[in-house]
Every structure is written in C-alpha cells, then in structure tokens.
Amino acid sequence: MARTEKWLTAHEASARLGVKLATLYAYASRGLITSVSGPGPRGRMYAGEDVERLHTRHAARSGHGPVAGGALRFGEPVLETSISDVGPAGPRYRGYDAIQLCRAGASFGRVTELLWTGALPSAEPNLPFTPLACDAKRLWPLLKGQSALPKMSLIVAALALSDEDRHGASDSAEQARARSLMHWLAQAPAPRPPGAQRSPMLARALLGALGSTATPARVVTVDRALVLCAEHELNASAFAARVAAAAGADLYACLSAALNTLSGSAHGGMCDRVEALIASIHAPTRATRMVRDWLSRGEPVPGFGHPLYPKGDPRGAYLVEIAREQGGRSVAARTAFALLDAMATGGHPAPTLDAGLVTLCHCLGLPSGSAATLFALGRSAGWVAHALEQRAAGYLLRPRARYVGVAPRR
C-alpha cells in the first residue's frame with residue numbers, strides 16, 4: 001500500500017529527480033519508488049514521498065549534505081515563512097519594515113495582529129484578560145526571587161492547567177488565547193497578582209508590573225521596543241516553537257518550548273550578560289579600559305556584533321537612538337553609553353538588539369532584568385505566529401543527522 005496520497009506523473013517525477021524516464025522506471029522496478037496505475041492505458045503515477053526521499057539522498061551524495069548542515073548555523077534558509085524576513089535594514093514583518101513601523105507609531109498590539117493575520121489593523125485590538133483557574137495568590141509566591149523567564153514559564157504552565165479547551169483550537173480561538181496569555185506574561189515582574197486589567201496596551205501593563213510610572217512618553221518608548229522585539233525570522237526560540245507545533249503540541253507548550261530556549265545565555269540570556277558587563281565596569285571612565293581588556297583576551301564583548309548584520313544591527317541602533325532621547329542620568333545609563341562610545345571609537349562591532357534594550361532600560365530607570373523581560377514579552381508575538389504557521393503547513397519537523405561516529409562494530 002502506498003504511504004502517501006501525493007502522486008506525480010512520470011514526467012514530474014523524472015524532472016524532480018533530474019533523471020531520464022528510463023532511470024525512473026528502473027528505480028520503480030527496484031522498489032525505490034512506489035508506482036500505481038494512472039490515467040490512460042499505459043500511464044503510471046509515482047509516490048511523491050518516495051521521490052522526495054530519493055531526491056534528498058542524491059543531493060546529500062552530491063555534496064549538498066554539508067550545505068544542509070551549514071544551514072543550521074546562520075546558513076541558507078531551511079523553511080518557508082511569510083511572517084518575516086531579515087535584510088540589511090533590519091527585519092520586515094509581513095513586508096513592513098519593522099523600524100519604519102516604530103517611527104510611524106504602529107503599536108505593539110497592532111503589529112501583533114499583523115504577524116498573526118497578515119493585516120495591519122487601524123485601531124488597537126481588544127486584549128482580554130482571562131483569570132487563572134488556579135489561585136493566583138498561591139502561584140505568585142512561587143515567582144518570588146525568580147528571574148523573568150522562569151516566572152513566565154510558570155505562568156504559562158499555570159494557564160495551560162487552567163485551560164481544558166487548549167487542544168485542537170481554531171486560529172481565531174488561539175489568537176484570543178494568546179492575547180490573554182501575553183497580558184499575563186506582562187505581569188510576571190509584578191510583586192503581587194494583578195487585578196482587573198484596565199489598559200489594552202501591554203507596554204503600560206509591563207511598566208506597572210516593573211514598578212515604574214507609566215507616563216504617556218514612557219509607554220510609547222517601551223511600546224516601540226516591544227515592536228522591535230516581536231519577530232526575527234527563524235531564531236532559536238521561534239524554531240523551538242515550530243518544532244513543538246509541528247509535533248501537535250498545544251499553544252502553551254509551544255510557548256514553553258520557546259521560553260525555555262530563550263533562557264539560554266546565547267539567546268535571551270544575552271541581555272543579562274550585557275547587564276552584568278555594565279555592572280562590572282562600575283563607572284563610565286572605565287569603559288574604554290574594559291573593552292580593551294575583553295578584546296585582548298580574545299573574548300567578544302557581549303551585545304555587540306550580529307551574524308545577520310555585518311554592517312550593524314539596525315534594531316540596536318534605533319534602540320540606542322531612542323535611549324539617547326531619554327537621556328542617561330544614572331551611573332548605569334552613563335556607563336552603558338560610555339561602553340557604546342568605546343566600541344564605536346575603537347571600530348569594533350556595533351550594538352545588537354540586546355545592548356540597545358539594556359541601554360534603554362537603564363535610561364528609563366527600570367530594575368535589573370527588565371531588558372530580558374521586555375525581550376521575551378515582545379518575542380512572544382512572533383512565537384505565536386510561527387506556531388500557527390507551522391500548524392497550517394501540516395508536516396513534522398524532523399531533520400536528519402549526518403553520522404560521524406565510529407564505523408559499524410562486529
């Protein structure tokens with residue numbers, strides 16, 4: 001019995017494999033490709049799954065295997081997506097330049113809808129706030145003393161336990177679920193469980209949870225940062241969300257996979273590394289000396305240089321721009337600017353999104369760990385988009401490994 005419902009004509013199959021019809025017939029006679037009777041007295045149809053498997057094997061033997069392996073290291077694209085792409089000017093969300101969206105005043109709520117649906121709404125969407133079925137007063141003590149990402153992971157798990165309808169939901173139901181979930185993630189830094197949600201803007205909710213005054217200007221500034229964090233193509237956490245979605249996991253599990261991946265020091269943990277570096281410098285006057293010490297040891301300075309932006313990360317540049325508009329009054333803010341200036345003066349790599357976020361948070365006087373929190377909250381919009389897109393694609397993400405171990409033992 002055939003293992004697939006996708007069938008190709010002889011000409012389609014031979015074209016895909018790049019072989020003559022006689023070679024295709026030989027593959028079929030050797031059992032490498034399943035064939036069945038097709039339309040016409042002599043027509044036959046060939047199993048598309050077998051053709052693709054044979055095509056992949058031939059490509060690997062032709063030297064494409066190393067190319068595929070390199071694709072997992074900032075190499076060639078390995079998945080198709082209509083959510084975003086990355087160019088020298090930064091990411092584009094469904095064709096919209098992300099930085100231009102910020103400059104035009106597109107809110108994070110509107111950009112979230114753009115990523116999920118492909119359409120940019122003209123008004124701020126309604127964001128429902130669903131209460132936890134479990135007692136939030138019992139959950140919140142578990143969050144005490146934890147950093148941002150473990151807090152968010154616990155909240156996502158609690159929401160999953162509260163939601164008996166989380167499996168097999170429609171896209172519209174999942175989007176409503178995600179809006180509520182993101183409001184809870186914005187509350188992760190709060191010392192006490194939140195009450196009724198009054199503002200539709202997550203930036204305002206996040207500032208309140210961080211214990212900061214949510215003035216209109218500060219809300220706009222944080223909202224812009226959330227927009228820039230929202231999506232960045234097939235990064236590690238988005239890929240983790242897609243793998244979970246491809247395996248049939250519910251939305252909470254997809255976001256849990258993404259959050260746990262984001263916690264790595266080379267991904268979302270980079271914000272914490274930049275914070276630690278600035279704290280170790282102690283004073284603006286020591287920034288140049290610290291940069292020289294790091295580089296003389298052969299250590300890259302955390303938060304500077306991005307493989308996808310050899311000429312500089314436009315997101316980091318824009319965040320530094322709006323951070324300078326805020327001004328740096330604290331020692332931490334002035335030290336962050338001194339670090340940026342020392343790197344630029346020395347001709348070293350430009351700041352990434354992470355360094356820009358940390359600098360902005362220092363200028364806003366936000367507590368330690370705020371940059372990682374902001375990054376995770378913003379990126380959750382992209383995770384949802386990737387989970388929904390991967391579900392619609394309808395295939396399991398299961399790459400093959402190239403074995404390089406010992407030869408078969410006897």
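Computed over heavy atoms, backbone and side chain alike; hydrogens, waters and symmetry mates excluded.
Between Arg224 and Glu321 no salt bridge is recorded (no basic side-chain N to carboxylate O distance below 4.0 Å). A salt bridge links Arg53 with Glu49: at least one charged nitrogen is closer than 4.0 Å to a carboxylate oxygen. Ion pairing between a basic and an acidic side chain is recognised when a charged N comes within 4.0 Å of a carboxylate O; Asp341 and Arg324 show such pairing. For the pair Asp293 and Arg297, the salt-bridge criterion is not met [side-chain N within less than 4.0 Å of a carboxylate O]. Classification of Arg94 and Glu113 as a salt-bridged pair fails, no side-chain N sitting under 4.0 Å from a carboxylate O. Between Arg391 and Glu174 there is a salt bridge, with a side-chain nitrogen of the basic residue lying less than 4.0 Å from a carboxylate oxygen of the acidic one.
A donor-acceptor pair under 3.5 Å is absent between the side-chain atoms of Asp354 and the main chain of Gly303, judged by distance alone. At least one donor-acceptor pair closer than 3.5 Å links the side chain of Arg166 to the backbone N or O of Asp163.
Heavy atoms of other residues, nucleotides or ligands lying less than 6.0 angstrom from CD of Glu299 number more than 12.
A donor atom on one side chain and an acceptor atom on the other are not found under 3.5 Å apart for His362 and Glu275.
In this structure, Arg292 fails the cation-pi test against Trp294, since its NZ or CZ atom is not both closer than 6.0 Å to the six-membered ring centre and inside 45 degrees of the ring normal.
Proximity of the aromatic rings of His232 and Tyr309 is defined here by a centroid distance below 6.0 angstrom, and this criterion is met.
The shortest heavy-atom contact between Ala246 and Leu397 is CB-N, 3.6 Å. Residues Ala188 and Met152 come closest through the heavy atom pair CB-CG, 3.9 Å.
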- [ ] Step by step, work out the side-chain hydrogen bond (donor to acceptor under 3.5 Å, both in side chains) result for Ser170 and Ser172.
- [x] CA-CA 5 Å; Ser170 65; Ser172 59; 3.2 Å; yes
- [ ] In sequence, state the C-alpha distance, the side-chain angles, and the governing distance for Ser237 and Arg379, and then conclude on side-chain hydrogen bond (donor to acceptor under 3.5 Å, both in side chains).
- [x] CA-CA 9 Å; Ser237 53; Arg379 188 56 56 86; 4.5 Å; no
